[in-house]
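Indexing begins at 1, ligand by ligand and atom by atom, following the structure's order.
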Amino acid sequence: MLADQSDHQVAVPREGYDFVVVSNRLPVDRDVDENGDSTWRRSPGGLVSALAPVMAKHDGAWVGWHGAPDETPEPFDHDVFHLVPVGLSELEVGRYYEGFSNATLWPLYHDVIAPPEFHRTWWYAYRRVNERFARMAAETAAPEATVWVQDYQLQLVPRMLRKLRPDVTIGFFNHIPFPPTEIYSQLPWRKAVLEGLTGADLIGFQRPGDAQNFQRCVRKFLGVRFTNGAAEFTEATLADAAASSAPGRAASDREDGRTSWTVHAAAYPISIDVEAIRELASNPATQKRAREIRRELGDPETVYLGVDRLDYTKGILHRLKAYGELLEDEKLSVENSALIQVASPSRERVESYIQLREQVEGIVGRINGQFDTMANTAVRYLHHGYPFEEMVALYMAADVMLVTALRDGMNLVAKEYVAAKQDRSGTLVLSEFTGAAEQLKQAILVNPHDIDGLKEAMLHARDMPGSEAKKRMSSMRRQVLTHDVVDWSQRFLEDLASYGGQSAGGDTNDRDTQ
Ligand code: F6P
């Protein structure tokens, strides 16, 4: 039974954790064997790798959902993590996760590529679940601990936590874009969400443009102005905002014990676990697998690769359309080139994802039906998740990586491809609507809506002289190798420690702890 939580302050636990990460999902996945016994495995991904050393060094805990409805496992330890599961009912998975997080906020924050849906029942569930996460964090954090809240699913947690535990330092990082005011304005709960976020001492975004969008929204809907990335909040300014002419629903009360505080908002572009990729790419078994992949494709001259979650933000349809037209125009042939499209299943019960799958599979079927021969397939469409070793082998096998997202907070696939190309071969076609485009400037940048432009870029990537391709790849590699996810977390946590005046986990300069 998942009880609703009240928002009174909690007793500060004497035996709490000095560093607490709060994210929608815990950093572990569960494997269940045929006897029904379950074991946990560390989830792949940069955030988990980046925070593992911080967890190990400081007394760290991670609060999150373990991925299954209607059960709440007891807190447990797994490798360097102390894990505190937050339970969600089946109804809350539908309303908080699939509904408000992924059918309201996700499309709204991604340029309304799909129409966002606004439902009060979803909002109530979002608020209730955010309260639960905040309470769990409050009960887990030691006195004056640092709490780092992750992502759009938990935007109300900073302020809720501040009310429960005024002594802790709170950071928030938004992994997805933050929309311009004109789009954000559509959200019926726009004030309450901004008030939730501004409970943090530091709010990090992927791009400077996201931080600016956020600051403009705060100015417009809360009436508080940021100067040089910082804004002063008092109870009076928030009360004024609630009464101001900008309509919207405000959070109901503000008895958090603080009468004034400074909120910082800035860009901290996230990166990848470069060391893990370096190790895999140097491993003869991965190198052998990369050669095998090319052989299995019939050794074409050019291997194009797309790797995405099956999400409408990723521009998979645009990429397939461009590829199909290039075959049609006889600029490519199934003998000379192959496209591998890995589309890992995601949010499969959300309507827009169900529709996208049908569209993608329809177009793949049409292209293959038209162009396949007995010996060759035009598009290898793989609707699976793969182990990371296989992903690195795919990156190594590919001549051209296609990242054609219509909007993407960062796009770590682009950075992973660059990190995997130790021999500096390969070219990257990269959408200008990704955060990564601001750092990987030597990629072939494209507007994926411009199908002719995309087609030209795909041919240019294939035909680029080796010396130029190597020069570009070297320069992108320098960027990625010198700005990995460990640097990202250190930079954020050091700034948070200085703003919060607490000892955050940011003093982990000894990277050999990894
Ligand atoms: O990019 C935002 C994000 O939440 C990532 O952290 C995550 O890998 C991805 O979207 C998919 O998330 P989920 O499967 O939890 O909806």
Between the side chains of [Y] and [X], is the shortest nitrogen-to-carboxylate-oxygen separation below 4.0 Å, so that they form an ion pair?
| X | Y | value |
| --- | --- | --- |
| Arg289 | Glu390 | yes |
| Glu361 | Arg357 | yes |
| Asp308 | Arg319 | yes |
| Glu131 | Arg128 | no |

Item to complete: Would you please indicate yes or no on a ring centroid separation below 6.0 angstrom for Tyr152 and Tyr109?
Response: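 Between Tyr152 and Tyr109, which both carry aromatic rings, the centre distance is not below 6.0 Å.
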
Worksheet item: Taking the six-membered ring for Trp, are Trp65 and Tyr96 ring centroids under 6.0 Å apart?
Response: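 Aromatic pair excluded; centres sit 6.0 Å or further apart.
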
Could you tell me whether some N/O pair between [X] and ligand 1 is separated by less than 3.5 angstrom?
| X | value |
| --- | --- |
| Arg25 | yes |
| Ser346 | no |
| His175 | no |

Heavy-atom protein contact below 4.0 Å for [atom]:
| atom | result |
| --- | --- |
| atom 5 (C) of ligand 1 | no |
| atom 11 (C) of ligand 1 | yes |
| atom 8 (O) of ligand 1 | no |

Worksheet item: Any sub-3.5 Å donor-acceptor pair from Arg30's side-chain atoms to His66's backbone N or O?
Response: no

Discussion item. If the cut-off is 4.0 Å to any non-hydrogen atom of Gln153, which atoms of ligand 1 fall inside it?
Written reply: 4 (O)

Worksheet item: Just heavy atoms, cut-off under 4.0 Å: does Gln150 contact ligand 1 by side chain, backbone, both, or neither?
Response: neither

Discussion item. Below a 4.0 angstrom heavy-atom separation, can you tell me which part of Asp151, side chain or backbone, both or neither, approaches ligand 1?
Written reply: side chain

Item to complete: Provide, to 0.1 Å, the distance between atom 16 (O) of ligand 1 and the closest protein heavy atom, together with that atom's residue and name.
Response: Tyr97 OH, 2.5 Å

